[in-house]
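Contents: one structure, followed by commentary.
Order of the sequence lines fixes the chain letters, A, B, ..., with proteins taken first and strands second; residue numbering starts at 1 for each chain.
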2 protein chains.
Amino acid sequence: MNIRTLCLGILSVTEATGYEIKKMVEQGMFSHFIDASYGSIYPALTQMLSEELLSVRAEGQPGKPDKKVYAITSRGRQALAEALHVSPRPDKFKSEFLFQMLLMDLLSGEQLAQIYDARLSDLTAELARIEACGSADATDFGHRFVNGYGRAVVGAAVRYLQERRQELLNEAAARTADAAE
Amino acid sequence: MNIRTLCLGILSVTEATGYEIKKMVEQGMFSHFIDASYGSIYPALTQMLSEELLSVRAEGQPGKPDKKVYAITSRGRQALAEALHVSPRPDKFKSEFLFQMLLMDLLSGEQLAQIYDARLSDLTAELARIEACGSADATDFGHRFVNGYGRAVVGAAVRYLQERRQELLNEAAARTADAAE
DNA sequence: CTGATATATATCAAACTGATATAAGACGTT
DNA sequence: AACGTCTTATATCAGTTTGATATATATCAG
């Protein structure tokens, strides 16, 4: 699945500008499992417009430059359906945090604690965001399902980090003491 | 964190060829939270060799082409320590599966079931691999920590998918029935 | 003895990121 | 009222990374 399909998918739910799509994938609903930059969104929209998978409505705002609101066309819906036929690629999880944890021997105790707590606070914030956007509108089944998945997985990560915090910091302290001997 | 740091980190644990590094990030220990392709690994190794962060030992195998076994140098260890000073970037999770679940209205019941079960079986297999590699050597604390994280998170995902399977397929069937009316 | 799979290095077009440029309104603050 | 910063909005681009492919040898199953 590429950025094109991603944009089609979002625009199948609601019309939006490139800027709004970017906001959705970095703050909204989609932010927890989708990524896309301006550098990929804008070219994709322009391209799909020329292929008539999308239409634009230039919303003129006095003084400001025009806002280009994109909407999916029937040909776009067809293309989306086709793209959704193919099996999704396996999920991808990238964690520099876990990599550093694996190499924790190379970190000082303070560094370790700082990194750990930063990650824990990030995850807690993410869980809160997921829970907030879940209670807001629980109408759509797909929405509820994805929201529940997020709660389950991120919740498990938060709990794990909370439970292990003391043990980890003790271990790091013990290691420092060993090194001092 | 870039591919260079990743290679340094792996080589700080054990010397390896580019091919072996690739295997580790796609099958071994690191596979669950790291990604790297040949197209990034080989150039990184060559580059770091020229900067003397690494050394090579050409292991001549009669008949076969030489095997280039890379090892980290003391300058490499320094560079790694510096790279590990900076805070890790936030974890990234990409899921085409969840995206499709969000748009499940556009999928047929069979497609949905097929995608769902494929994902569930992938996740189950991943959990099994994590559990297998955890019991093997539980010496290093960092290793145990990361392994436990994997169990917690992937385990939560597997349980969620298993619990919701029937409900989801019922919902899809109900939706199809509605459409038929 | 044929096809599939594994070891091993390498390259490259295409895709994508992350940063930056541009421009205008809003909003706070000193 | 001037200043900085933030938000909205579009756009570009160097640099990184992916995913696929080429090359060559060895091994193993049927």
I need the [atom1]-[atom2] distance between [X] and [N], as an integer number of Å.
X	N	atom1	atom2	result
A/Glu96	D/dT16	CD	C1'	14 Å
B/Glu26	C/dT5	CD	C1'	14 Å
B/Gln47	C/dT9	CD	C1'	17 Å

For [X], report the nucleic acid contact type (base, sugar-phosphate, nothing); a contact means any heavy atom under 4.0 Å.
X	value
B/Lys94	sugar-phosphate
B/Gly18	sugar-phosphate
B/Ser37	base

Open item on the list: Please verify the inter-ring angle class for B/Phe145 with B/Tyr149; under 30° counts as parallel, over 60° as perpendicular, anything in between as tilted.
Closed with: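 Aromatic pair B/Phe145/B/Tyr149 classed tilted.
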Out of [options], which nucleotide sits closest to the side chain of [X]?
X	options	value
A/Lys67	C/dA10, D/dT10, C/dG18	D/dT10
B/Tyr38	D/dG19, C/dA10, C/dT7	C/dA10
A/Tyr42	D/dT8, D/dA11, D/dT17	D/dA11
A/Asp35	D/dT17, D/dA9, C/dT17	C/dT17
A/Tyr19	D/dT18, D/dT7, C/dT9	D/dT7
A/Thr17	C/dT11, D/dA9, C/dC16	D/dA9

TODO: Just name whichever nucleotide pairs with D/dA29, Watson-Crick or G-U, keeping both distances under 3.5 Å, else none.
DONE: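 In the structure as shown, D/dA29 has C/dT2 as its Watson-Crick or wobble partner.
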Task: Complementary nucleotide of D/dA9, counting Watson-Crick and G-U pairs under 3.5 Å - done: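 By the stated definition (distances under 3.5 Å), C/dT22 pairs with D/dA9.
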TODO: Evaluate side chain to side chain contact (heavy atoms under 4.5 Å, CB included) for B/Ile10 paired with B/Glu20, printing each intermediate quantity in order.
DONE: CA-CA 10 Å; B/Ile10 291 177; B/Glu20 285 163 351; over 6 Å; no
- [ ] Treating Ile, Leu, Val, Met, Phe, Trp and Tyr as nodes and any side-chain heavy-atom pair under 4.5 angstrom as an edge, say whether B/Leu11 and B/Met1 lie in one connected cluster.
- [x]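 Yes, B/Leu11 connects to B/Met1 through the hydrophobic network.
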Task: Pairwise 5' ranking along DNA chain D for B/Ala36 and A/Lys23, keeping only the more 5' one - done: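 It is A/Lys23, whose closest nucleotide lies nearer the 5' terminus.
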Task: Separation of A/Ile21 CD1 from A/Tyr38 OH (nearest 0.5 Å) - done: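 If I round to the nearest 0.5 Å, the distance is 11.0 Å.
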TODO: Kindly say if B/Lys68 contacts the phosphate of C/dA8, meaning a side-chain N or O under 4.0 Å from OP1 or OP2.
DONE: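 Checking B/Lys68 against C/dA8: no side-chain N or O falls below 4.0 Å of OP1 or OP2.
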Open item on the list: Just N and O in the side chain of B/Lys92: are any of them under 4.0 Å from OP1 or OP2 of C/dG18?
Closed with: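 The answer is yes; a side-chain N or O of B/Lys92 sits under 4.0 Å from OP1 or OP2.
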Open item on the list: Go nucleotide by nucleotide along DNA chain C from the 5' end; which of B/Arg89 and B/Pro43 gets its closest nucleotide reached first?
Closed with: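 Closer to the 5' end of DNA chain C: B/Pro43.
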Open item on the list: Against A/Lys68, only a single residue in A/Thr46, A/Leu45, A/Val56, A/Leu49 fulfils side chain to side chain contact (heavy atoms under 4.5 Å, CB included); can you say which?
Closed with: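 Exactly one option meets the side chain to side chain contact (heavy atoms under 4.5 Å, CB included) with A/Lys68, and it is A/Val56.
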